[in-house]
Enquirer: 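Structure below; questions to follow.
Letters go in sequence order (proteins before strands), and every chain restarts at 1.
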Amino acid sequence: MPELPEVETIIRGLRPDLVGKRVQSVDLRWARTLATPSPVEFKKRLRGQKIEAVTRRAKYIHLHLSKGHLLIHLRMSGDLLLRERTQAPEKHDRLILTLSNGSSLAFNDARKFGRVWLTDNPDEVLARLGPEPLDAAFTSQVFYERLQAHRRQLKPLLLDQSFLAGLGNIYTDEALHMAGLHPRTKSDLISREQVEDLWRAVRDVLQEGIRRNGASIDWVYRGGEFQNHFRVYDRGGEPCPVCGTAIQRILVGQRGTHICPTCQPKVGD
DNA sequence: CACGAGACCTGTTCGC
DNA sequence: TGCGAACAGGTCTCGT
C-alpha cells in the first residue's frame, strides 16, 4: 500500500501521540519482521526507550529514540496503528509496542513483507537511498543529470529507490502520464524540457497525494482519498481524463502499468 | 550495466 | 457454489 504520501500521512497522524512516550513492553509476534538485531537484543534495547521524534525518509518511518533508532518499512501491506492497550491483538499484528500513555503501537502486515530495524546508525539502512523528491536539493537539473547517467526505461528507474526515493507503482504511473512520457522511454533520450515536465509532475503528484492523505485501495484501507483522483492508475479500459482514449494496462519491468497511448507516445528506441 | 525471473507472503477477485 | 489462476501499494538476489 504505502508510497511516500501514505507514509507521510501515517507519520503525521501518529507523531502527536508518540512523541514523548516510552516503550514499556515489546511483543514480537512474527520474528522475521525483525531485520536486525536478534529478538532478544531487540527487546532488551527497546524497552524503556523514549520516542523523541517521528520522521520519514523515503518510505521508511523513523522513530528517533533516546538511545537508538527504530526504522520501519511497510512494504506492500504494512500499516502502523495506535491501539488501546486493552485491545486484543489483531490477526496480522507482527509487532506491538506498549507505550507509557496507555496505548500501544501495532505494526500490522498481512503479507509479512514489512521489516523493522533497531540500530544506532540509521545510515546503515538509509544511506543507499536516492534524493528525497520533495527536498529543495532535488532540482530539475539534478534530476536531468541523474537521468542522463543511465540508459534505462523510465518507469523501472523511477521505482529504483537508489535513483529517487519514495515513488511506487501508483505515483510513478500518475507522474509519467502527467508528463506525457511513455514508461519504456530510455532515461537518456528525453529532452531537458521533458525532464522539467517530469520533475514537476513527480513533485505535484506527490504533493497532491499528501494533500489527499494518500491513496487507499481494496481491503488495505487507510482513509485517504487520492484513489478518487487517479488519472490512469487502476483505470484500464476507462477514458483518459485528458483526451478520452481508453487507458491501457501493460507490463513494464514486471509491474502492472497504466498508460494513455495517445498522451504517452513511445519515443526513441 | 540493464533487465527478466523468481522469491518472500496472504488475501481478494476473476474466469470457467 | 467451487476452485484455480491472476493479481496486489515493495524490494532483494540471481542469472544472462
Enquirer: Going by an N to O cut-off under 4.0 Å, is there a salt bridge joining A/Asp93 and A/Arg29?
Expert: no
Enquirer: Atom CG of A/Leu74 and atom C1' of C/dA8: how far apart are they, to the nearest Å?
Expert: 16 Å
Enquirer: Going through the checks in order, is the salt bridge (Lys or Arg N to Asp or Glu O under 4.0 Å) test met by A/Asp173 and A/Arg231?
Expert: CA-CA 9 Å; A/Asp173 280 6; A/Arg231 294 150 179 83; over 6 Å; no
Enquirer: Provide the closest heavy-atom pair for A/Arg83 versus A/Ala106 in the form atom of the first, atom of the second, distance.
Expert: NH1-CB, 3.4 Å
Enquirer: Look only at the side chain of A/Thr172 and the backbone of A/Leu159, and say whether a donor-acceptor pair between them is shorter than 3.5 Å.
Expert: no
Enquirer: Counting only N and O atoms by type, is there a donor-acceptor contact under 3.5 Å from the side chain of A/Gln49 to the main-chain atoms of A/Arg22?
Expert: no
Enquirer: In whole angstrom, give me the gap between the P atoms of B/dC9 and C/dG4.
Expert: 22 Å
Enquirer: Keeping to residues at least two apart or across chains, list the salt bridge (charged side-chain N to carboxylate O under 4.0 Å, His left out) pairs with something in residues 240-253 of chain A.
Expert: none
Enquirer: Report yes or no: does A/Glu174 contribute a side-chain atom to a donor-acceptor pair with the main-chain N or O of A/Tyr233 at less than 3.5 Å?
Expert: yes
Enquirer: If you check every side-chain atom of A/Arg32, which of B/dT10, C/dG9, B/dC8 has the closest atom?
Expert: B/dC8
Enquirer: Under 4.0 Å, heavy atoms only, any strand: does A/Tyr233 hit a base, just the sugar-phosphate, or nothing?
Expert: sugar-phosphate
Enquirer: Is A/Lys91 near enough to B/dT10 that one of its side-chain N or O atoms lies under 4.0 angstrom from OP1 or OP2?
Expert: no
Enquirer: Any chance you could list the contact pattern along nucleotides 11-16 of chain C? Use B for base contacts, S for sugar-phosphate-only contacts and - for none, protein heavy atoms under 4.0 Å, 5' to 3'.
Expert: B-----
Enquirer: Quickly, which of A/Arg203, A/Lys59, A/Arg57 forms a salt bridge (Lys or Arg N to Asp or Glu O under 4.0 Å) with A/Glu132? Name it, please.
Expert: A/Arg57
Enquirer: Where each pair must be Watson-Crick or G-U wobble with both distances under 3.5 Å, what dot-bracket representation of DNA chain C is obtained, with crossing pairs in [ ] and other-strand partners as |?
Expert: .|||||||.|||||||
Enquirer: Taking B/dC1 as the reference, what is the distance to C/dG10 when you measure between their P atoms (whole Å, please)?
Expert: 24 Å
Enquirer: With the criterion being N/O to N/O and under 3.5 Å, what pairs connect the protein with nucleotides 3-6 of chain B, and how long is each?
Expert:
| residue | atom | partner | partner atom | Å |
| --- | --- | --- | --- | --- |
| B/dC3 | OP1 | A/Gln153 | N | 3.4 |
| B/dC3 | OP1 | A/Lys186 | NZ | 2.9 |
| B/dA5 | N7 | A/Gln254 | NE2 | 2.5 |

Enquirer: Whole angstrom is fine here: how far is it from CZ in A/Arg29 over to P in B/dT10?
Expert: 15 Å
Enquirer: Less than 4.0 angstrom between a side-chain N/O of A/Arg94 and OP1 or OP2 of B/dT10, yes or no?
Expert: no
Enquirer: So which of A/Val19, A/Ile10, A/Leu70 actually passes side-chain contact (heavy atoms from CB on, under 4.5 Å) with A/Val54?
Expert: A/Val19
Enquirer: Taking atom P of B/dA2 as reference, at what distance in whole Å does atom CD of A/Gln148 sit?
Expert: 13 Å
Enquirer: Is the side chain of A/Gln227 donor-acceptor paired with the backbone N or O of A/Ser216 at a distance under 3.5 Å, no angle test?
Expert: yes
Enquirer: Measure from CE on A/Met76 to P on B/dA7 and round the result to the nearest Å.
Expert: 16 Å
Enquirer: Taking B/dC14 as the reference, what is the distance to C/dG9 when you measure between their P atoms (whole Å, please)?
Expert: 15 Å
Enquirer: Who passes salt bridge (charged side-chain N to carboxylate O under 4.0 Å, His left out) against A/Asp17, sequence neighbours left out?
Expert: none
Enquirer: For residues A/Phe226 and A/Tyr171, establish whether the separation of their ring centroids is below 6.0 Å.
Expert: yes
Enquirer: Quick one: A/Leu71 CG to C/dG10 P, roughly how many Å, whole number?
Expert: 19 Å
Enquirer: Anything under 30° is parallel, anything over 60° is perpendicular, the rest tilted; go ahead and classify A/Trp199 against A/Phe138.
Expert: tilted
Enquirer: Within the 4.5 Å heavy-atom criterion, are A/Thr185 and A/Gln153 side-chain neighbours or not?
Expert: no
Enquirer: Take the protein atom CZ of A/Phe230 and the nucleotide atom C1' of C/dG9, then report the distance between them rounded to whole Å.
Expert: 9 Å
Enquirer: Nearest whole Å is fine: how far is B/dT10 P from A/Asp218 CG?
Expert: 18 Å
Enquirer: Do the side chain of A/Arg192 and the main chain of A/Tyr144 share a donor and acceptor less than 3.5 angstrom apart?
Expert: no
Enquirer: If the P atom of C/dT1 is compared with that of B/dT10, how far apart are they to the nearest Å?
Expert: 27 Å
Enquirer: Give me the residues of residues 107-117 of chain A where at least one heavy atom lies under 4.0 Å from an atom of DNA chain C, by number, or none.
Expert: A/Arg111, A/Phe113
Enquirer: Whole angstroms only, please: what is the NZ-C1' distance between A/Lys155 and C/dG9?
Expert: 11 Å
Enquirer: Kindly say if A/His92 contacts the phosphate of B/dG11, meaning a side-chain N or O under 4.0 Å from OP1 or OP2.
Expert: yes
